[in-house]
Amino acid sequence: MVSKTDDIPASVPSCNPADLADEAGDGAQDGKETSKTRLKESCGCGHSADKAMVNGDGAQEHTEEAELKQDGNGEVDGGEESNEQEVIVIQDTGFTVKIQAPGTEPFDLQVSPQEMVQEIHQVLMDREDTCHRTCFSLQLDGNVLDNFAELKSIEGLQEASLLKVVEEPYTVREARIHVRHIRDLLKSLDPSDAYNGVDCNSLSFLSIFTDGDLGDSGKRKKKGSELEQIDCTPPEHILPSSKDRPLVPLQPQNKDWKPMQCLKVLTMSGWNPPPGNRKMHGDLMYLYIVTVEERHVSVTASTRGFYLNQSTTYNFNPKPANPSFLSHSLVELLSQISPAFKKNFTALQKKRVQRHPFERIATPFQVYSWTAPQVDHAMDCVRAEDAYTSRLGYEEHIPGQTRDWNEELQTTRELPRKNLPERLLRERAIFKVHSDFAAAATRGAMAVIDGNVMAINPGEETRMQMFIWNNIFFSLGFDVRDHYRELGGDAAAHAAPTNDLNGVRAYGAVDVEGLYTLGTVVVDYRGYRVTAQSIIPGILEREQEQSVIYGSIDFGKTVVSHSKYMELLEKTSRPLKVQRHNVLNEKNDKVELCSSVECKGIIGNDGRHYILDLLRTFPPDLNFLPVDGEELPPESQRLGFPRQHRHRLACLRQELIEAFVEHRYLLFMKMAALQLMQQKANKDTNKSETPAITETSETTTESNADTTQTQTTASDSPSEPNAEVSTDNSTSAASQATTEEEENSSKPASNGPLDPATTQNGECKSPLEGKELEEIIPGLAQAKELAETLVAEDGSGIDPKSREVVLNACKAVGSISNTSFDIRFNPDIFSPGVRFPEDSADDVQKQKQLLKDAAAFLVSCQIPSLVKDCLDHSALPMDGATLTEALHQRGINIRYLGTVLDFVDKTPAKSQLEHFYRIGISELITRCAKHIFKTYLQGVELSALSAAVSHFLNCFLSSFPDAVAHLPPDELVSRRKNRKRRNRVPGGGDNTAWASLTPSELWKNIASEALSYYHFTIQCDSVDQVVEKYNLQKSTLLREISIKTGIQILIKEYNFDSRHKPAFTEEDILNIFPVVKHVNPKASDAFHFFQSGQAKVQQGFLKEGCELINEALNLFNNVYGAMHVEICACLRLLARLNYIMGDHAEALSNQQKAVLMSERVLGIEHPNTIQEYMHLALYCFANGQLSTALKLLYRARYLMLLVCSEDHPEMALLDSNIGLVLHGVMEYDLSLRFLENALTINTKYHGPRSLKVALSHHLVARVYESKAEFRSALQHEKEGYTIYKNQMGEAHEKTKESSEYLKYLTQQAVALQRTMNEIYKNGSNASIMPLKFTAPSMASVLEQLNIINGIIFIPLSQKDLENLKAEVQRRQQLQEFGKIEDPIDDSPLELEDKIPID
């Protein structure tokens, strides 16, 4: 059955994605039974889950009543279950109806009562045999069904009802929709929309490597037993140590994409619109068509259908031709007049329906490809029409008006959210409006920069212009009217929109009822930054001074406040850690605020309270804000902070604030515990002075154990007032929190992290031994109780001693309250122009100290902890984007990149961080180049754009020393006329300054930009020196700069190293895309299910975990539709669980979806996509599809080489995988090349004594054994044995296994020698003992594959589980005290995917 949700615009209110997840996948089977039963099962867990995780409404009873009320008038349909969970997941049991369409056999269709009639329409428009119909109604017993009615509300509709498809007369709108739909069907296999980045299409290449679908879709009858046919030779360029990095294989040519041509031309005729008298004959519009057979015809679309008329190019004759072939569908008409059309259209539809739905469904946000082949530009009436008519009217199927974005964004926020179904509906609406808004804003921003939109202040100079288009307000990122003069001018105006967006994101996540933010999208396009915002009703009619009733419009000179705003913002104060504070206005009166002064409150004409200009939601970053007379802590000064930055808007990230507060919380608990212990000790003597506890008085001698315990307390003590769970920050800050002084000596153990327990921060890995520790530090338990009682009783009724303990601890950590832990920041500290009243001087002093501590915390804790995570491979960035993510997760801004790289440079274990350093350098260089490119592009007029971009890339990457710009030979010479139009486009004018850029000048600029922005020194004055010195690849640099700036280049082999001609010509630059930043609304309930599922899995409860994650998947589908990054993570984890629990086919199906989705949503060569390919290969191998597994691994290796080169720890895992599979198919020599490469890389990045290296030695030994080269095999196995013996001791099973294997190899070697001697002695009549040369069994190869990929199969009997848990605890303790160097299961996946069993 075809997935129903395929081409449904997500705006259909109740599209029912719950069944999408399943139906989409099993198009091959008959799909009906399975998908429904599976939904049934997955619901089985729902109820218990809902009770276990209190969802704000744990009680099922009241939700039931709510359901009844929702159901209209409170009467419940007989069969309808009204249990909350049921409502989401099952959406009631489905039933089957028969459908009878003209000219086809009746067929069965599985439907659910929640669906709308419209969804059946969608299914029919997608089915192979009915896809050519768009204008029809569905009738039951002669009654027409209402399109927007739910099926359950239709009388008489039941199991086995017959629905008739009845053709309806056309209107102009229906005729257009029909032509558009036919054009979409003709283009359904054509990837040009994906290359051009339109309509949320994106590329996917998986099916080329799997030869279509991986399911049992008939193609796969021959399993992997016939090994002979597999061709295993990898392409030359992906072999280890190949230096060639071709670009072309990035987009392999898909055979299906050479579309079978059905028509030469289908376009609107020049005779449109029909004249009055023809309108009265029912003519709606005229089409002009050229068939493949070169027949030119003119077609009339009339109310009754389509027919041939007698018009020609120059003669209008609307009379029907003879024969006229009147047909209700254009496809039927064309099939009659063109045999080629009939044949090809049928073939095309067959292919279209075979494609996996995930290859066709639109993504929620546009993904752009930085490479594309040369696509022929074909005539396309719909594209032409879209470009020149404002598509607004047609676009969202909303009759008439353009969309009121602000109203939509705010009303979705106001939807009720009391129970799960309501929350799902609300989140789905919010997500949908946001993705639509982002798309519209992006289109508008491009139109503005391309000069297609009239400014609302056309008289002003171009930089100052503002625009309104489609109810969205656009402004450019320049310092208009010296607004930001104090703060850094244009640089500040460029940074402000992204800061503002982060503020909008933060307030949106807190989601306070009654407080509204603007829809905000920041678009970088052609060197300009455009901010797109929804419009507050009424704001354009009045002056800003009158509107603002809270905050300040002049950076704090005049300030006003408002009680309602204070009340609303107070609710955000704790989660966002913003402190209420007083400032002085121009009359020296106190004004109380609960945000920064720039944050303005405006009540719109709709009565809603809006806040805008949230650019200082988070406190300033003092490391980049030199303030006269203020000293930073020594940790910062040592690194050369504070540094001058481009602008004064540098602020700390939300992740940093969270981590800092968490860290202070641990400190707070520790101090209370210490003091309580001292009190215990001094009980008899009335001690006169409590030790003044400040941070630095803490000594390093404190046992690590104590940190561990505080971690457990932090996590489970309800006394933490700031216990907001920060969802977006997956790494728990607790595990990074450390006390500052342990950090000051932050030299890691000399040769890399030998034992995780003592490195750098003394953080401990496991909160499991809390119990033993309670005994060691008795004070902790009390501190915990104390903190709890304090919160409970508001401080009354507790003995003064304990209160004093808390008071001291609060003071020491800078809490704003004296009775409980509560840290908040005043965002106005150090804002120029803001003045504070005298009486809050103390407070301001405290706040200044807190900000200095936070700045020091970033450099002394977060940067070292990032480097440590990279050393022990828990963070594995592969390219610029993943590196940025790793920094941001730990709250480190990109402006610290230079500092991070210097820190890595000084780390003793630098050689083990080479990959990180290399990615960092290339990120730093491409970001500097991006800054320069931005200003460079602003001076280029549109006609010279491709020439300018190719010239810039030549200067940046080509070894050709004197790249000369080709000024575009003016194709249309007329210089005089041009002068008048100078000021059309921002910065327009015939400016040819760009042409004078030279490579040496560009690289000088890059070096000076690196120094001034990142404070990092690059001593190189050409691309070749850089590549040489830092071991970079030009292809990687090209990818990074293209992605960052939105350039799209022609996919071909570029000769970067030629010294005779430049690498790029202007023909190679195909397009320039916008780079878009927007808010990503979250599916909160789904995310909680996902997290609890992960937790269950990590505790070893696989089945329960699996059910929770299935549930999460349903909810994600419900909110996001079918495609989303988070759904991708969900599918990956599900596949892994399916695999571990032995369901290989299901694992394969889920992982296939994960790969397709990752390609579509993240990009075809994104590091996550590479990892998804690796997992899929493993499951293919387990399913006996060996050649597919190899193809997938080769693809992964190619992508990885392109993205980050061979020298990367992840490459070792990939090569071990390839080597093992090749060993399995008896390609021993090839296998050795990969395995030995893996051994080299493992040795480099994990140190020669690592267990990973031991395993690598063992794998190599096995291949040598298969080749009967026993001497080499023995040599490698001995190496492995030595490592096991030293690391694990003689008694460990690994050591024993290894020694057994050594004995076996020795016997084999001896036997071989005997045989050889026998042959020498007796010549040809020797009696030869048959030697055992065994090809490895698939099972043994699979076992090794599982081990290297960190998958351990778990025996699931209860008793085994108990023993297992005990073993895990014992191991973890050993690990703490440095007995084990690194756990064997060190899979490269993110934490969430690990099954923590060594």
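Here the structure is a predicted model, which means the values were calculated and not measured. Any value given below was found using the heavy atoms of this structure, including those in side chains, with hydrogens, waters and symmetry copies removed.
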F148 to Q118 - nearest heavy-atom pair and separation | CE2-OE1, 2.9 Å
Indicate yes or no: at least one non-hydrogen side-chain atom of L576 is less than 4.5 angstrom from one of V510.
-> yes
Starting from the C-alpha separation in whole Å, work towards a yes-or-no answer on side chain to side chain contact (heavy atoms under 4.5 Å, CB included) for R403 and D436.
-> CA-CA 10 Å; R403 292 175 72 168; D436 287 354; 3.0 Å; yes
Please walk me through it: do L1131 and R1136 pass side chain to side chain contact (heavy atoms under 4.5 Å, CB included)?
-> CA-CA 9 Å; L1131 286 165; R1136 202 172 166 89; over 6 Å; no
So how far is it from L883 CG to L876 CG, rounded to the nearest 0.5 Å?
-> 12.0 Å
Do side-chain atoms of E408 reach the backbone of F437 as a donor and acceptor pair under 3.5 angstrom?
-> no
Does E422 use its side chain to pair, donor to acceptor, with the backbone of K418 at less than 3.5 Å?
-> yes
If you measure only the distance, is there a donor-acceptor pair under 3.5 Å linking the side chains of Q1151 and Y1173?
-> no
Could you please spell out the steps behind the side chain to side chain contact (heavy atoms under 4.5 Å, CB included) verdict for D1085 and L420?
-> CA-CA 8 Å; D1085 289 291; L420 193 50; 3.2 Å; yes
Exam field: side chain R426 to backbone P416, donor-acceptor pair closer than 3.5 Å | no
With sequence neighbours excluded, what pairs up with R608 under the side-chain hydrogen bond (donor to acceptor under 3.5 Å, both in side chains) test?
-> E407, E414, D606
Between V1125, N1168, I1170, L206, which is the residue that forms a side chain to side chain contact (heavy atoms under 4.5 Å, CB included) with S1158?
-> N1168
Rounded to the nearest 0.5 Å, what's the gap from CZ on F358 to NZ on K1153? Could you check?
-> 5.5 Å
So, Y1120 side chain and A1083 main chain: donor-acceptor pair closer than 3.5 Å or not?
-> yes
Within-4.5 Å side-chain heavy-atom neighbours: M116 and N147 = no
For N406, does its backbone N or O pair with a side-chain atom of S534 as donor and acceptor, under 3.5 Å?
-> no
Within-4.5 Å side-chain heavy-atom neighbours: L1115 and V1119 | no
Rounded to the nearest 0.5 Å, the OG atom of S204 sits from the CZ atom of R355 at a distance of 8.0 Å
Least distance between heavy atoms, V523 atom then V521 atom | CG2-CG1, 3.8 Å
Without swapping roles, check the side chain of R653 against the backbone of Q889 for a donor-acceptor pair under 3.5 Å.
-> no
Could you pull out the closest heavy-atom pair between P364 and S435, with the gap in Å?
-> O-CB, 3.2 Å
Would you mind checking if R890 and E655 are paired as a salt bridge, meaning a charged N to carboxylate O distance below 4.0 Å?
-> no
Minimum heavy-atom distance V1075-I1043, with the two atoms named = CG2-O, 4.1 Å
Looking only at heavy atoms, the pair that brings L1192 and T210 closest together is CD2-CG2, 4.1 Å
Counting only N and O atoms by type, is there a donor-acceptor contact under 3.5 Å from the side chain of N196 to the main-chain atoms of V198?
-> no
Supply the atom-to-atom distance K1077 NZ to D524 CG, rounded to the nearest 0.5 angstrom.
-> 4.5 Å
What distance separates N1110 CG from L1134 CG, expressed to the nearest 0.5 Å?
-> 5.0 Å
Pair Q533, W405: side-chain N/O donor-acceptor within cut-off below 3.5 Å = no
Where do R505 and D500 land on the salt bridge (Lys or Arg N to Asp or Glu O under 4.0 Å) test, with the steps shown first?
-> CA-CA 9 Å; R505 188 177 289 130; D500 184 35; over 6 Å; no
Check: A439 main-chain N/O paired with Q366 side-chain donor or acceptor under 3.5 Å = no
Here the gap from L189 atom CG to R360 atom CZ, rounded to the nearest 0.5 Å, amounts to 9.5 Å
Looking only at heavy atoms, which two atoms of I1109 and Q1094 are closest? And how far apart?
-> CD1-N, 4.2 Å
Can R1160 and S202 be said to form a side chain to side chain donor-acceptor pair (under 3.5 Å), step by step?
-> CA-CA 5 Å; R1160 296 279 323 276; S202 56; 2.8 Å; yes
If only atom types and distance count, is the side chain of D879 paired as donor or acceptor with the main-chain N or O of T882 below 3.5 Å?
-> yes
Are any non-hydrogen side-chain atoms of V530 and V522 less than 4.5 angstrom apart?
-> no
Worked check of side chain to side chain contact (heavy atoms under 4.5 Å, CB included) between Q1171 and M878 = CA-CA 11 Å; Q1171 295 201 327; M878 267 199 227; 4.2 Å; yes
Do F1116 and H1124 have ring centroids that are under 6.0 Å from one another?
-> no
So, E427 side chain and S1084 main chain: donor-acceptor pair closer than 3.5 Å or not?
-> yes
